Amino acid sequence: MNVADPNIADRRPALELPPAPERSFASDNSAGVHPAVLEALAAANHGHALAYGDDDLTRAVEGRFRDLFGTDVDVFLVWGGTGANVLSLATMLGPAQAVVASDCSHIAVDETGAPERILGAKIIELDAPDGRLQPDQIDDLAHLLGVEHHAQPGVVSITQSTELGTLYSPADVAALAETAHRHGMALHVDGARIANAAAALGGDLRACTVDAGVDVISFGGTKNGMMYGEAVVYLTREYARAARYVRKQVTQLPSKMRYVAAQFLALFEDGRWLELASHANATSLDLYERVNDLPAVDLDGPPIVNSLFPRLPRDVARRLQAWCPFYDWDVGTGQVRWMTAWDTTSDDVERFAAGVRAACAPG
């Protein structure tokens with residue numbers, strides 16, 4: 001993904017477009033930190049607390065995760081999303097095993113080969129035009145099992161919500177889990193945007209995780225109002241046996257863990273994590289409804305979560321990117337990505353839509 005050359009702005013008359021929105025539509029990673037999270041960090045900053053998770057805040061958030069999933073889970077707080085995925089997969093994979101993932105998955109495309117370099121494990125990338133793996137694709141890999149010349153498929157990793165803004169329903173997840181388990185594989189969920197997915201699915205996190213047969217989930221917080229920090233949650237607890245040691249090995253053990261814990265506690269207070277994700281999803285739908293009638297904006301349908309993937313004429317996309325940053329997605333087809341966040345306002349949407357309309361106007 002690339003933003004446009006900023007020098008383009010110098011070659012465009014400033015009056016072509018209205019004032020840009022205060023917040024961009026590049027990524028939910030671009031958003032600031034929610035005020036409640038900042039307050040929680042400040043509150044956690046009083047006095048001393050024992051390091052490496054031996055503190056009251058970390059113990060409290062572990063309890064909140066158990067409440068959230070409605071079962072006894074093991075929770076390991078980490079620095080970031082790539083680290084969460086590496087820790088998850090490191091503790092799930094056996095010798096000579098491989099990870100099965102979609103060809104657009106974050107672990108395959110956007111982690112600089114971290115899982116393969118750090119774990120020494122092959123990623124088997126499967127075609128997923130809408131970002132979602134299908135059970136029959138897992139069945140098709142069964143012929144590799146037991147053959148010493150092939151990496152052995154050991155973990156199926158899916159992303160919820162996907163990199164293309166699609167969702168696995170609870171039934172979809174259950175079907176993949178059943179297929180994976182039938183072949184002796186485990187199911188991992190990259191949940192960097194699990195809050196957006198849960199909000200879109202009616203807020204029932206358990207239905208698409210515990211009840212569906214997920215073994216381990218990388219649970220995101222950074223994209224939903226936190227400053228930094230994610231969690232690896234072991235729903236099948238046997239995979240957590242070595243996690244405390246592996247977390248240190250893969251450099252994901254925060255010494256001052258209370259600051260990650262405090263942020264999650266702020267998100268979970270009064271359902272704030274779902275409220276923020278629901279807002280991000282809703283503003284994306286608002287943007288869709290404001291521009292969907294434009295012939296130059298080719299959209300496949302309303303968004304399910306907080307991302308849109310329109311196809312735009314190249315000159316329109318470049319003009320808009322110089323005005324308000326967003327990323328290219330598929331340069332060959334002219335597809336870009338517009339993403340909303342917990343702090344996107346109605347005014348941001350209105351102004352961005354006005355700019356799109358102006359950029360698409362004839363002449």
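Quick caveat, the model's predicted, so the values are computed rather than measured. By convention here, the first residue in the shown sequence is residue 1. What you see below is based on every heavy atom in this structure, not just the backbone, and it leaves out hydrogens, waters and symmetry mates.
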Crowding at [atom1], [X] (>12 non-hydrogen neighbours, <6.0 Å):
X    : atom1 : value
R241 : CZ    : no
E22  : CD    : no
R244 : CZ    : no

Determine, using the 4.5 Å side-chain heavy-atom cutoff (strictly less than), whether [X] and [Y] are members of one ILVMFWY cluster.
X    : Y    : value
V33  : M226 : yes
F264 : F69  : yes
M339 : V297 : no

Carboxylate-amine/guanidinium contact [X] [Y], below 4.0 Å:
X    : Y    : result
R182 : D139 : yes
E269 : R272 : yes
R206 : D211 : yes

Just checking, any donor-acceptor pair under 3.5 angstrom between side chains of [X] and [Y]?
X    : Y    : result
N306 : H279 : no
D172 : S169 : yes
S218 : H188 : yes

To the nearest 0.5 Å, what is the distance between [atom1] on [X] and [atom2] on [Y]?
X    : Y    : atom1 : atom2 : value
R193 : D28  : CZ    : CG    : 4.0 Å
H34  : N224 : NE2   : CG    : 9.5 Å
L187 : T179 : CG    : OG1   : 10.0 Å
R23  : D348 : CZ    : CG    : 4.5 Å
S88  : F76  : OG    : CZ    : 10.5 Å
N281 : T340 : CG    : OG1   : 7.0 Å

So D215 and L235, side-chain contact (heavy atoms from CB on, under 4.5 Å) or not? Walk me through it. CA-CA 5 Å; D215 293 298; L235 309 180; 6.0 Å; no
Is a side-chain N or O of [X] found less than 3.5 angstrom from the main chain of [Y], in a donor-acceptor match?
X    : Y    : value
E230 : G80  : no
T91  : L87  : yes
Q160 : Y168 : yes

Within the structure provided, determine whether P19 and R351 are in side-chain contact (heavy-atom separation under 4.5 Å). yes
Do R318 and D328 come within less than 4.5 Å of each other through their side chains, counting heavy atoms only? yes
Taking the six-membered ring for Trp and the single ring otherwise, decide whether the centroids of [X] and [Y] are under 6.0 Å apart.
X    : Y    : result
F25  : F352 : yes
Y228 : Y259 : no
F309 : W338 : no

I'd like to know whether I124 forms a side-chain contact (heavy atoms from CB on, under 4.5 Å) with L126, so could you lay out the CA-CA distance, the side-chain angles of the two residues, the decisive distance to 0.1 Å, and finally the verdict. CA-CA 6 Å; I124 300 174; L126 300 180; 4.1 Å; yes
Correct closest heavy-atom pair for G220 and I194 would be N-CG2, 4.1 Å
